[in-house]
Amino acid sequence: MRVKTVLTAVAAFASLSVLAPAAVADAVPPDPAPGGPQRAYEPDVEATDNIDSLSVTATRGAGRSVTIAFDRRSRAETGDVPAGPRRFVFLFDRSVSFNPEAFPTCARAVIERQGVQACPAGSRIGGGRGEFPSGEPQEVHAFNTRIGRSPGVLVVMPASGVILEQTLERVSSPYRKGYRWALDEIVPPTSVPPQERVGTTRFQLSFGATRRHHGRTIGFAETTARTGDELRFGLWTEFVTGQVLLPTARTQLP
């Protein structure tokens, strides 16, 4: 698996080469999913820049199902606590499609009132783990849901009461060359001042549940890629400082 971090303009992003740090430009990677829900405006704050890296694995399951596991690491450029995020957009290889309609859904209100254990069987479609600068890990759950009229995913960290909403959206140009679908996650503003919000130093999240549906095994995520094909993924991230990063990863389908 080969990982590269892209902080360049779109033309460079589309290239297959890995850019050396000296070639990094000042241009900001454009928004991959501008048509989705909008985050409430907050002015940028002064803080250190973050440095992010990404690795992704794709593991084939029954039928065309695939488990896609993102592993993001983040640190402050100065070595201090990384600045908090505003938004994450998970980008999936063009070969990947999703089947949210084949899985039960869990409503946010159910989790808020009764916890993740009250979600319908089969609605959990993934999970992972988050790590904070304190070193404290937290379990992460991912549930199939509806956000308004759109399919989506609830990312839940029960230990801290965090519930984040991801909407499933088509990527915009110029990302369509390498990707088709995005999961767009907004981190809502809180009463904590932006400069005091703490980001995770590592965040692992996978999507990959399967179930029997109409007599065959269906994956929440599926791929038309063949064994040995290279898949590409990305994680567009905006921080409270206004900084935008786009680490990307390529992985071979075993």
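The model shown is predicted, which means the values in this text are computed figures rather than measured ones.
Under the ring-ring contact (aromatic ring centres under 6.0 Å, His included) criterion, the residue pairs touching residues 100-135 are F103-F220, with sequence neighbours excluded. The stretch residues 198-208 participates, sequence neighbours left out, in these salt bridge (Lys or Arg N to Asp or Glu O under 4.0 Å) pairs: D71-R202. Here disulfide (SG to SG under 2.5 Å) pairs that include residues 38-104, with residues two or more places apart or in two chains, number zero. Among residue pairs with one or both ends in residues 105-121, those qualifying as salt bridge (Lys or Arg N to Asp or Glu O under 4.0 Å) are R108-E112, R108-E165; sequence neighbours excluded. For residues 32-106, the disulfide (SG to SG under 2.5 Å) pairs, not counting sequence neighbours, are C106-C119. Among pairs with a residue in residues 142-164, none fulfils salt bridge (Lys or Arg N to Asp or Glu O under 4.0 Å), at least two apart in sequence or across chains. Applying the salt bridge (Lys or Arg N to Asp or Glu O under 4.0 Å) test to every pair with at least one member in residues 208-220, sequence neighbours left out, gives no pairs at all.
In this structure, V192 stands alone, with no Ile, Leu, Val, Met, Phe, Trp or Tyr side-chain heavy atom under 4.5 Å from its own, directly or through other members. Through side-chain heavy atoms spaced under 4.5 Å, either directly or across other Ile, Leu, Val, Met, Phe, Trp or Tyr residues, I147 is tied to no other residue.
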Which donor-acceptor pairs under 3.5 Å do side chains of residues 135-143 form with protein atoms, sequence neighbours excluded?
{"from": "Q138", "atom 1": "OE1", "to": "S160", "atom 2": "N", "distance (Å)": "3.4"}
{"from": "Q138", "atom 1": "OE1", "to": "S160", "atom 2": "OG", "distance (Å)": "2.9"}
{"from": "H141", "atom 1": "ND1", "to": "R124", "atom 2": "NH1", "distance (Å)": "3.0"}

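Aromatic pair F88/F239: ring centres not closer than 6.0 Å.
With sequence neighbours excluded, no residue forms a side chain to side chain donor-acceptor pair (under 3.5 Å) with T145. With sequence neighbours left out, D93 forms a salt bridge (charged side-chain N to carboxylate O under 4.0 Å, His left out) with no residue at all.
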